[in-house]
Chemist: 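Can you keep this structure in mind? I'll have questions shortly.
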Amino acid sequence: MKLSRKWLQEFVDVGPVSDRDFAEAMTISGSKVEVTEDLGAEIKNVVVGRIDKMERHPDSDHMWVCQIDIGQDEPVQIVTGAWNIHEGDLVPVAKDNSWLPGGKHITRGNLRGVKSKGMLCSLKELNLDERDFPYAVITAAALLNDYKPIDPAKPSIPADIQPGHKIFGPVVCGRVVSLSSAGENGWSCGVDIGGSLQSFFTPCCNVHEGDLVAYNTKAHTLCTLADLRAEQKEFPHCIPDGIFVLHEDCKPGDDIRPVIGADDHVVEFEITPNRPDCLSVIGLAREAAATFDKPLKLHDPEVKGGADGSLPELLDVETPDGDLCPRYTARMVRNVKIAPSPKWMRERLRANGVRPINNIVDITNYVMLEYGQPMHAFDYRYVQGGKIVVRRAKAGEKLTTLDNNLRELTPDMLVIADDTRAVGLAGVMGGLNSEIVEDTADVVFESANFDGACIRKTALALGMRTEASAKFEKGLDILNTLPAVNRACELVELLGAGEVVDGVIDILNYVPNPVTVKFEPEKMNRFLGVDIPEEDMRKTLAALGFGLEGDVITVPSWRSDVEHWSDIAEEAARFYGYNNIPNTLSAGLNERRGWNPVQQAENAAGALCRGMGYSEIITYSFISPAYYDKINLPADSPLRDSMKILNPLGEDTSIMRTTTLPSMLEILARNCHYRNKSARLYELGRTYFAKNDGSGMADEPKVLSLGAYGGGMDFFGMKGAVEAVLEGLRIDGFRFEAEAGNPSYHPGRCARVYRGGFLLGTLGQIHPAVAENYDVDCELYAAELDFNALLQSMGGTPVYEPLPRFPAVTRDIALVCDKCLPVGKLEECICRGAKGLLKAVNLFDVYTGKGVPEGKKSVAFNLELRADDRSLTSQEADEDVKGILDLLAKELDSVLR
């Protein structure tokens, strides 16, 4: 859960607390902070500037020399190639010695002989896009003086074209003679079309006085590329990109970060499944108020209403499957005006990791973040019969969801339906058939509570876990639906996005009884081994929203994790401070136990490597920075961001390694220098990566490394060793993919190994240039396997099966396919094409040459087919092989040779 500290400030003022102190205090009180981020940390020395003067570059047909007022005594001169700016515009200016997101450093320089003391910035250069500032969308006119014909011998527009000359139909050539700003929407433009002056409004911002333009005399508009049916290369400066022209309340010299909303600090929390209330800004604000002993400022939504119509007459809601929908709350908004959300809402959404879309959709996302209650908005005109039915899906029922995928539903899934069909997948995603679009007029806001287990199973079955389903599956507060929908309607009125219909439809299928716990401070202190004053306990519980009358505690509805006095003791302890609880030795006896699962896996991996003839090595975890150069690691590689040792023994042991490859290559090279003809080595070692929480601690993932040379070792030998390790650890379904971008490995003899979406590791021949860095003239081979990924991919306890009772039938097939087609894809297709009889696929030949067409290769496989309950006939085997060959021909254009 990401939290904007500017947004948090609306609910609780924690004071001038640094990110590090805030993270430490919240973590100690039980809300673990993963990462803190200063959104504007990468932006330095960038300010607002006003363009006072623009002149065309003396040695360029597309550059401008601008004099920019940045709030200093003298303007600065900046050269730019952007054509969407004009005198008087406010723009972001990266001054000399400034920094932009991504580590881009801006300094003064010369552009074609003219000095430029900085750079004007686009949205992209500030790590923004048009959803953050919708008014920054650029509409570009086709400038005839910028025309470059595709075929110089056949230009579409004459080189000597003049104002008044006809281009086609009602479109003529015009010269811009006047231009003045008409606000953030466009320009008032005057165009001479050959003795006649035309004045009109245009959104095109790349025109300037003196430009030749294509003017449509019928529509009174300037023509774009689409209007002229032209290509981009014909008009190089007719592009929807350029400098970000500001329309914010700012002045020259202002720091750009507050202007674009980059003055916020974002804190990312790791929220445990038992605390879904903290998946909201209000929930975390409540925790922060208790942590810093500050008052919590909550707001009760106020909705004016008054739109035409009666909600009961416009909308009917039924919940026949009330066991899966404890509560369903809905309100309606009429006369909706779809538009971009205001800047403050877009900034908060973006800071919390949500992309702004439009005001209605943004309101539902905003409420979900603020209240922790997922919401959905339906276009009312598509709710047939004016009825919403929350029911189980029908067998074979289908729904196209908002991601444009057709989903086949089952009766154990919950849907939101109208009179005739499903319009949404409850708690997961809405349907495309009721999506909010630009001409939406009436909207139904849904705020409901669904059964968490049902939502989790639905999301898992369809492979579409969403932000909403992630919240519902943890179990949300049933009493939160009404405040959330009222907040959404309040925001609609605040943003002027529509008119709210009076009334609320609120169906409550389950009335939760409040949980009460006896308050026993002495018992809790004995349990904790501390002496927390009773008054402090009462104060903590009150700050967290618990009711307390005498010795009876009423648990708030959003704290479903509190059921017992020991839970109350935990609340008291975490705000008392776990670090304040004294250390005591355990009174129990230590027991000798066996290997844990991780140790068992480590032992198994080591035994597999030793069984293949690999000897174990143990190398130092601290290395020299020069090791990264020896393996040709790029200068900007994140692997170079190593933790430095404060008191190293020397430069050669001054950092903690982030990769085990240099250590393995050092040992292989040493053996080679000792004239050992071959070597097979392995190591299960750690790598070290600094945590981003300011603690100075490290993450220490383990890597299983293999290295070899000589003795007939080649790429396939190393690949076989990796396969043996994976199969020995009961990892199935893995695949190899060619890798050409790793600078440490030979680009044609390197592969990555995956299982599903997990990257298990990399293997291949070490790049000859790297081997030369180690003064080795033989081929070196290595593999790096992520041991944590191996652990997650390991199978369970093996199940033994009896030997087959019936004989196998074998068939050999030789396939002609594209030369570049991987054999693995052929094997995978063969397995899918089989009809249940295929037991094994073995590659035994790859051939190119005489008899095989150019650009093709012949790949031969031996297929083993067997039935478990009978002897196969030749006809059955041939039918299975025919199905395989048909699929190969259809999907991979591979045919029998």
Side-chain angles (χ1 to χ4, degrees), residues 1-27 29 31 33-44 46-48 92 101 123 126-129 131-134 246-250 254-269 271 278-299 301 340-357 359 362-372 467 487-488 490-491 494-495 692-694:
M1 172 69 189
K2 290 185 176 181
L3 175 68
S4 158
R5 289 194 61 182
K6 286 176 68 175
W7 196 349
L8 174 69
Q9 197 74 7
E10 179 180 317
F11 296 99
V12 56
D13 184 3
V14 299
V17 180
S18 69
D19 285 348
R20 180 168 182 171
D21 291 342
F22 178 83
E24 182 177 357
M26 292 294 287
T27 299
S29 68
S31 302
V33 174
E34 288 288 301
V35 180
T36 61
E37 179 185 6
D38 178 356
L39 296 184
E42 291 188 302
I43 301 176
K44 299 176 183 177
V46 182
V47 299
V48 175
L123 279 173
L126 295 172
N127 201 25
L128 302 169
D129 61 32
R131 292 186 181 273
D132 298 310
F133 290 91
L246 297 161
H247 292 281
E248 307 301 319
D249 183 13
C250 56
D254 286 351
D255 187 343
I256 198 64
R257 289 175 293 184
V259 176
I260 63 174
D263 57 337
D264 199 357
H265 294 246
V266 175
V267 184
E268 185 170 355
F269 291 85
I271 306 300
C278 287
L279 293 171
S280 67
V281 176
I282 291 177
L284 289 172
R286 187 178 288 112
E287 293 289 310
T291 299
F292 292 95
D293 193 19
K294 301 289 185 180
L296 180 65
K297 300 172 287 184
L298 295 180
H299 164 72
S341 299
K343 182 186 174 207
W344 61 267
M345 180 175 282
R346 299 196 307 268
E347 286 181 357
R348 289 184 177 185
L349 290 174
R350 178 161 49 87
N352 283 266
V354 176
R355 187 181 65 177
I357 298 176
N359 49 6
D362 290 352
I363 284 172
T364 62
N365 287 330
Y366 188 91
V367 173
M368 180 177 69
L369 292 171
E370 188 174 53
Y371 280 72
E467 189 76 21
R487 175 59 168 159
E490 179 186 49
L491 288 170
L494 178 65
L495 272 56
N692 294 325
D693 57 3

Chemist: Any side-chain heavy-atom pair from Asp254 and Val47 closer than 4.5 angstrom?
Modeler: no

Chemist: Looking at Ser341 and Asn359, what are the two nearest heavy atoms and their distance?
Modeler: OG-CA, 3.2 Å

Chemist: Please give me the minimum heavy-atom distance between Cys250 and Val259, naming the atom from each residue.
Modeler: CB-CG2, 3.9 Å

Chemist: Tell me, please, whether Phe133 has Arg346 positioned over its six-membered ring: NZ or CZ under 6.0 Å from the ring centre and within 45 degrees of its axis?
Modeler: yes

Chemist: Output, in order, the C-alpha distance, side-chain angles, deciding distance and verdict of side-chain contact (heavy atoms from CB on, under 4.5 Å) for Phe292 and Val17.
Modeler: CA-CA 10 Å; Phe292 292 95; Val17 180; 4.2 Å; yes

Chemist: Would you check if the side chain of Ser4 reaches a backbone N or O of Asn352 as a donor-acceptor pair within less than 3.5 Å?
Modeler: no

Chemist: Please report the shortest heavy-atom distance between Val33 and Thr27, naming the atom on each side.
Modeler: N-OG1, 3.1 Å

Chemist: In terms of relative ring orientation, are Trp7 and Tyr366 parallel, tilted or perpendicular, with 30° and 60° separating the classes?
Modeler: parallel

Chemist: Quick test of your reading of the model: are Lys297 and Asp13 salt-bridged, counting only N-O distances below 4.0 Å?
Modeler: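 So Lys297 does not pair with Asp13 through a salt bridge.
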
Chemist: Regarding Thr36 and Asp19, do their side chains bring together a donor and an acceptor under 3.5 Å, going by distance alone?
Modeler: no

Chemist: Distance from Leu494 atom CG to Met345 atom CE, nearest 0.5 Å?
Modeler: 7.5 Å

Chemist: Is it true that Arg350 and Glu347 have a side-chain N and a carboxylate O under 4.0 angstrom from each other?
Modeler: no

Chemist: Heavy atoms only: give me the nearest Thr291-Ser29 pair and the separation to one decimal.
Modeler: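 Where Thr291 meets Ser29 most closely, the heavy atoms are OG1-OG, 2.9 Å.
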
Chemist: What closest approach, in Å, do Leu284 and Cys278 show between heavy atoms, and which atom pair accounts for it?
Modeler: CG-O, 3.4 Å

Chemist: Minimum heavy-atom separation for Ser280 and Glu370, please, with both atom names.
Modeler: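 Heavy atoms only, the tightest pair is CB-O, 3.5 Å.
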
Chemist: Could you check Leu3 against Val266 for side-chain contact (heavy atoms from CB on, under 4.5 Å), going step by step and ending with a plain yes or no?
Modeler: CA-CA 5 Å; Leu3 175 68; Val266 175; over 6 Å; no

Chemist: Is it the case that atom CG in Asn127 sees more than 12 heavy atoms from other parts of the structure closer than 6.0 Å?
Modeler: no

Chemist: Say whether, by atom type as modelled, one donor and one acceptor occur between the side chain of Asp132 and the main chain of Asp129 under 3.5 angstrom.
Modeler: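 Side chain of Asp132 to backbone of Asp129, a donor-acceptor pair under 3.5 Å: yes, one is there.
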
Chemist: Do Glu467 and Asn365 have side-chain heavy atoms sitting under 4.5 Å apart?
Modeler: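 Side chain of Glu467 against side chain of Asn365, heavy atoms only: no contact under 4.5 Å found.
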
Chemist: Give a yes or no on this: more than 12 heavy atoms of other residues, nucleotides or ligands lie within 6.0 Å of atom NZ of Lys343.
Modeler: yes

Chemist: Show your working on side-chain contact (heavy atoms from CB on, under 4.5 Å) between Leu246 and Ile256 and close with a plain yes or no.
Modeler: CA-CA 10 Å; Leu246 297 161; Ile256 198 64; 4.0 Å; yes

Chemist: Does a sphere of radius 6.0 Å around CD in Glu34 hold more than 12 heavy atoms from other residues, nucleotides or ligands, not counting ones at 6.0 Å or beyond?
Modeler: yes

Chemist: Given His299 and Arg487, is the side-chain contact (heavy atoms from CB on, under 4.5 Å) satisfied, shown in steps?
Modeler: CA-CA 9 Å; His299 164 72; Arg487 175 59 168 159; 4.2 Å; yes

Chemist: Say whether, by atom type as modelled, one donor and one acceptor occur between the side chain of Arg131 and the main chain of Pro356 under 3.5 angstrom.
Modeler: yes

Chemist: Any chance you could measure Glu42, atom CD, to Leu126, atom CG, to the nearest 0.5 Å?
Modeler: 11.5 Å

Chemist: Under 30°, 30 to 60°, or over 60°: which ring-plane class applies to Phe269 and Phe22, parallel, tilted or perpendicular?
Modeler: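 Rings of Phe269 and Phe22: perpendicular, as their planes differ by over 60°.
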
Chemist: Could you check whether any side-chain heavy atom of Glu287 comes within less than 4.5 Å of a side-chain heavy atom of Met26, counting everything from C-beta outward?
Modeler: yes

Chemist: Supply the atom-to-atom distance Leu296 CG to Phe11 CZ, rounded to the nearest 0.5 angstrom.
Modeler: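 The CZ atom of Phe11 is 8.5 Å from CG of Leu296, to the nearest 0.5 Å.
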
Chemist: Would you give the length of the straight line joining atom CZ of Arg5 to atom CG of Leu39, rounded to the nearest 0.5 angstrom?
Modeler: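 Going from CZ on Arg5 over to CG on Leu39, the span is 12.0 Å.
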
Chemist: Less than 4.0 Å between a side-chain N and a carboxylate O, is that true for Arg257 and Asp255?
Modeler: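 Salt bridge between Asp255 and Arg257, a charged N being under 4.0 Å from a carboxylate O: yes.
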
